[in-house]
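To keep things clear, I will list the structure first and then write my remarks on it.
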Amino acid sequence: MIKHELAKLVEIAAREAQSKDLIPPTALPEVSVERPQNPEHGDYASTMALKLARAARMNPMVIASAIVSSFPPIPGVEDITVVAPGFINFRLTDNWLREQVPVILGAGASYGSLDIGKGQRVQIEFVSANPTGPLHVGNGRGAMLGNALANILAAAGYSVEKEYYVNDAGSQIEVFSNSLHARYLQALGKDVAFPESGYGGQYMIEVGQELATEYGEKYLDQPSQLGAIGLERMLDMIRVDLANLGVVFDSWFRESSIYKEGKYQAIMDLLKEKGYVAEREGALWFTSTSLGDDKDNVLVRTTGVPTYFAADAAYHYDKLAERGFDRAINIWGADHLGHVSRLKAALTGMGIDHQRLNVIIMQLVTLKRGAEAVRLSKRTGDIITLREVLEEVGADACRFFFLSRSADSQMDFDLELAKQQSNENPVYYVQYAHARIASILDLAKDRDIDFSDGDVSLLATEAELELIRQMILLPEVIEMSAHNLEPHHLPHYAQELAAAFHSFYTVCRVVSEDIPMTKARLKLVQATKIGLARTLALMGMTVPESM
RNA sequence: GCGCCUGUAGCUCAGCGGAUAGAGCACUGGUCUUCGGAACCAGGUGUCGGGGGUUCGAAUCCCUCCAGGCGCGCCA
């Protein structure tokens, strides 16, 4: 990446200036090269001189000049300028820009891929909604975030595995089984009461009826067996919803396997051995306060039943110690914030560096219809499912909406507004650019134009060069997104790339009587298609050849 | 009470300690006999929630206050 090359050269030039005694030999700050927001300031800029000014006790303008005078000539860069109060600005040559077109064509579908992950194994766990009901919009957001992040990390050179943690044990499942059993009995005409805090949703009635028709009275006295069947139904439904969003998991990990396969017992033994388990008031506690957490946590209840936390500790030990992932990333809703510190403490207690686990806390999605708020709880039953929202608003519009906002920002999903705006959704703007290019390439094919010998040095208008400038940003966007675990940069970048293309399109005729120019622009357009397709694919969205 | 997140244009949101704080939507005007008008070009709006502080420089970092969301279970 040219950005890193420039940063390195700034550092070399600064050292050179120091060795020539032009500036004092102070420690150099970490060099970063940025993109100025004002294009008049060039393509890249360094603030090295400004940062050095204090320690060097010199005017930053003088420092900048000293650094610039120590620069070796850089291929591809012209006009290294010093601008008040001390910026060093770089401008890429038109020629260098043009040469990026064949580079992109050569990279093809892998354009933008990086090697910063060095093949490290990363597991990313997301959605993991309880299989006690259908997915809601919040789960949709998590699904898109996790999926895009997985794509980004894979593009950045990590070996990524996507996992769904299935909570198929514990008290919620018991409640689910009892609720379903009641609906099942009711469907069979029995007059039974529905559990007070059971899952009251309409879908439970439907599944109860289905099971009653299929199995008759087979499970009259077996709520947990019935529940197990119902749970698989729910999982199938979840899988379908996720597939509709384009999200497919590599593995589905069952909480129950933690008990069946002795993983729970293993970590309990480990924690005891390390001295982090204490018995108090008939329960077993993890003494996380000794590891800096603000409170101790129960591992095994007075009833002898392990807590969710105990299972979660075992699950994460399995990820990081047994299955050997270098890193684990969890995407959790803000309502799970309270788990983070104790899980990290547990990892520390088990001898695992907790920095290998990143927990992304995603702020919740609140659903509104106009001014009216809609609750999302499965317990209360009155939910609007992800499926309904996708049908109402459209999958790609939803995807783009979910991805455009950072995980930190809380989302008001107004169904009225979303529907109203779906036709104006920026996602179509981006996809349209791709489809337009596909259409141009079709035309070229119809006319039997072979542009493999196109001469990119003919690309000279500002619109053409600006389009290339946008394209070379993709690797930087991927790097930043991977580094910060922030997929939301992609939709913004996608819009800018599409905008650069649309502007180019109105100014420059691609297929024309001028054959050499036609061929050069076909190359440019083909490269743009690669960039747009890659960006859309990273976001997990459809890449239409026509719309 | 304590902790985490958020507060930026009318609305929805970007903004990696740097240059004149940006985009989409909405609004107004213009562009088209041509490769897809789901397009392009132009117009303008900001106490960056308030107040202090650090810095050559703060929307960005620190403190404090205000407002909203979430969390602080032998629930998951």
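Numbered from 1 within each chain, the chains take letters A, B, ... in sequence-line order.
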Inset, instruction - Would you classify A/Ser546 as touching base, sugar-phosphate or nothing, given that sugar-phosphate means primed atoms plus P, OP1 and OP2, and contacts are heavy atoms under 4.0 Å? - result: base
Inset, instruction - Please give the nucleotide sitting opposite B/G7 as a Watson-Crick or G-U wobble pair, both distances under 3.5 Å, or none. - result: B/C66
Inset, instruction - Compare side-chain N and O positions of A/Ser503 against OP1 and OP2 of B/C41 and report whether any pair is under 4.0 Å apart. - result: yes
Inset, instruction - Would you indicate what A/Leu443 reaches in the nucleic acid, counting non-hydrogen atoms under 4.0 angstrom: base, sugar-phosphate, or nothing? - result: sugar-phosphate
Legend entry - Spacing of the C1' atoms in B/G44 and B/C25 (rounded, Å): 15 Å
Inset, instruction - Would you classify A/Ala407 as touching base, sugar-phosphate or nothing, given that sugar-phosphate means primed atoms plus P, OP1 and OP2, and contacts are heavy atoms under 4.0 Å? - result: nothing
Legend entry - OP1 or OP2 of B/A19 under 4.0 Å from side-chain N/O of A/Gln37: yes
Legend entry - Interatomic distance, A/Leu337 CG vs B/A76 C1' [rounded to whole Å]: 15 Å
Only distances under 3.5 Å count here; give the side-chain donor-acceptor pairs of residues 56-67 of chain A to other protein atoms, sequence neighbours excluded, each with its distance to 0.1 Å.
from: A/Asn59; atom 1: OD1; to: A/Met61; atom 2: N; distance (Å): 2.8
from: A/Ser65; atom 1: OG; to: A/Met61; atom 2: O; distance (Å): 2.9

Inset, instruction - Measure from the side-chain heavy atoms of A/Arg54 and tell me the nearest of B/G36, B/G69, B/U55. - result: B/U55
Inset, instruction - Classify the nucleic acid contact of A/Glu496 as base, sugar-phosphate or nothing, counting any heavy atom under 4.0 Å across all strands shown. - result: nothing
Legend entry - A/Thr302, nearest nucleotide to its side chain (from B/C74, B/A26, B/C56): B/C74
Legend entry - Aromatic A/Phe309 / basic A/Arg342 pairing, under 6.0 angstrom, 45° off normal: yes
Inset, instruction - Give A/Ala435 one of three labels, base, sugar-phosphate or nothing, depending on what nucleic acid heavy atoms sit under 4.0 Å from its own. - result: base
Legend entry - A/Glu545/A/Lys529 salt bridge by N-O under 4.0 Å criterion: yes
Legend entry - base_contact_polar (B/A76 base, A/His339 side chain, donor-acceptor, <3.5 Å): yes
Inset, instruction - Identify whether any heavy atom of A/Glu34 sits under 4.0 Å from a base atom; if not, whether one sits that close to sugar-phosphate; answer base, sugar-phosphate or nothing. - result: sugar-phosphate
Inset, instruction - Determine, for A/Asp318 against A/Lys263, whether the closest basic-nitrogen to carboxylate-oxygen distance falls under 4.0 angstrom. - result: yes
Inset, instruction - Starting from P on B/C72, measure out to CZ on A/Arg342 and report it in whole angstrom. - result: 8 Å
Inset, instruction - Using the P atom on both, measure B/G43 against B/C5 and round to a whole Å. - result: 39 Å
Legend entry - Atom P, compared across B/C11 and B/C16: separation rounded to whole Å: 23 Å
Inset, instruction - Write down the distance separating the C1' atoms in B/A58 and B/C48, rounded off to the nearest Å. - result: 11 Å
Legend entry - B/G17 versus B/U34 - spacing of their C1' atoms, nearest Å: 50 Å
Inset, instruction - Could you tell me whether the phosphate oxygens of B/U34, OP1 or OP2, come under 4.0 Å of any side-chain nitrogen or oxygen in A/Arg509? - result: no
Legend entry - Proximity to the side chain of A/Asp335 - top-ranked nucleotide from B/C74, B/G18, B/G71: B/G71
Legend entry - Rounded distance (Å) that lies between atom C1' of B/C35 and atom CE of A/Met517: 15 Å
Legend entry - Residue-phosphate contact under 4.0 Å: A/Thr506 side-chain N/O, B/C40 OP1/OP2: no
Inset, instruction - Taking only the side-chain heavy atoms of A/Gln495 (C-beta and beyond), determine which of B/U6, B/G24, B/G36 contains the nearest atom. - result: B/G24
Inset, instruction - Assign A/His483 to base, sugar-phosphate, or nothing according to its heavy-atom contacts below 4.0 angstrom with the strands shown. - result: nothing
Legend entry - Nucleotide nearest A/Lys51 (side chain, heavy atoms from C-beta), chosen from B/G18, B/A38, B/C25: B/G18
Legend entry - Watson-Crick or G-U wobble partner of B/C40, both distances under 3.5 Å: B/G30
Inset, instruction - Just call it for A/Ala53: base, sugar-phosphate, or nothing, with non-hydrogen atoms closer than 4.0 Å on any strand. - result: nothing
Legend entry - Distance between C1' atoms of B/A9 and B/A26 (Å, rounded): 12 Å
Inset, instruction - Starting at atom NE2 of A/His502, determine the distance to atom C1' of B/G24, rounded to an integer number of angstrom. - result: 13 Å
Legend entry - d(CE, A/Met362; P, B/G69) in whole Å: 18 Å
Inset, instruction - Between A/Asn38 and A/Gly333, name the one whose nearest nucleotide on RNA chain B is closer to the 5' end. - result: A/Asn38
Inset, instruction - Quick one: look up who B/C2 pairs with, Watson-Crick or G-U, both distances under 3.5 Å, and put none if it's unpaired. - result: B/G71
Inset, instruction - For the residue pair A/His488 and A/His492, categorise the inter-ring angle as parallel (less than 30°), tilted (30 to 60°) or perpendicular (more than 60°). - result: perpendicular
Inset, instruction - Decide yes or no on salt bridge (Lys or Arg N to Asp or Glu O under 4.0 Å) for A/Asp296 and A/Arg280, but give the supporting numbers first. - result: CA-CA 11 Å; A/Asp296 289 343; A/Arg280 283 202 296 269; 2.9 Å; yes
Inset, instruction - Using atom CG of A/Asp446 as one end and atom P of B/C35 as the other, report the distance to the nearest whole Å. - result: 14 Å
Legend entry - From CA spacing to verdict: side chain to side chain contact (heavy atoms under 4.5 Å, CB included), A/Glu464, A/Thr461: CA-CA 5 Å; A/Glu464 290 166 320; A/Thr461 66; 2.9 Å; yes
Legend entry - Sugar-phosphate, base or nothing in reach of A/Gln363, heavy atoms under 4.0 Å: base
Inset, instruction - Give a yes/no on whether any side-chain N or O of A/His488 is located under 4.0 angstrom from OP1 or OP2 of B/G15. - result: yes
Inset, instruction - Measure distances between side-chain N and O atoms of A/Asn89 and base N and O atoms of B/A19, and say whether any donor-acceptor pair falls under 3.5 Å. - result: yes
Inset, instruction - Could you check A/His41 against A/Val300 and say which one's nearest nucleotide on RNA chain B is further toward the 5' end? - result: A/His41
Inset, instruction - With heavy atoms under 4.0 Å as the rule, sort A/Gly170 into base, sugar-phosphate or nothing. - result: nothing
Inset, instruction - Describe, in one word, how the ring planes of A/Tyr315 and A/Phe253 are oriented to each other, choosing from parallel (under 30°), tilted (30 to 60°) and perpendicular (over 60°). - result: tilted
Legend entry - Ring-base stacking, A/Tyr432 with B/G36 (5.5 Å, 30° cut-offs): no
Inset, instruction - Measure from the side chain of A/Ala334, starting at C-beta and using heavy atoms only, and say which of B/C74, B/A19, B/C70 lies closest. - result: B/C70
Legend entry - Interatomic distance at C1', B/G46 relative to B/G15, whole Å: 15 Å
Legend entry - side-chain N/O A/Tyr429 vs B/C25 OP1/OP2, d < 4.0 Å: no
Legend entry - Verdict with supporting geometry, A/Asn167 and A/Ile173, side chain to side chain contact (heavy atoms under 4.5 Å, CB included): CA-CA 8 Å; A/Asn167 299 113; A/Ile173 292 305; 5.7 Å; no
Legend entry - Interatomic distance where CG belongs to A/Leu524 and C1' belongs to B/C35 [whole Å]: 14 Å
Inset, instruction - Send over the distance from A/Tyr505 OH to B/A38 P, rounded to a whole Å. - result: 11 Å
Inset, instruction - Could you measure between the two C1' atoms, the one in B/G51 and the one in B/C66, and give it in whole Å? - result: 11 Å
Inset, instruction - For the pair A/Arg399 and A/Asp396, find out whether any cationic side-chain nitrogen is under 4.0 Å from an anionic carboxylate oxygen. - result: yes
Legend entry - Sugar-phosphate, base or nothing in reach of A/Phe309, heavy atoms under 4.0 Å: nothing
Inset, instruction - Classify the side chain of A/Ser409 versus the base of B/C13 as yes if they form a donor-acceptor pair under 3.5 Å and no if they do not. - result: no
Legend entry - Proximity to the side chain of A/Glu255 - top-ranked nucleotide from B/C72, B/A38, B/A76: B/A76
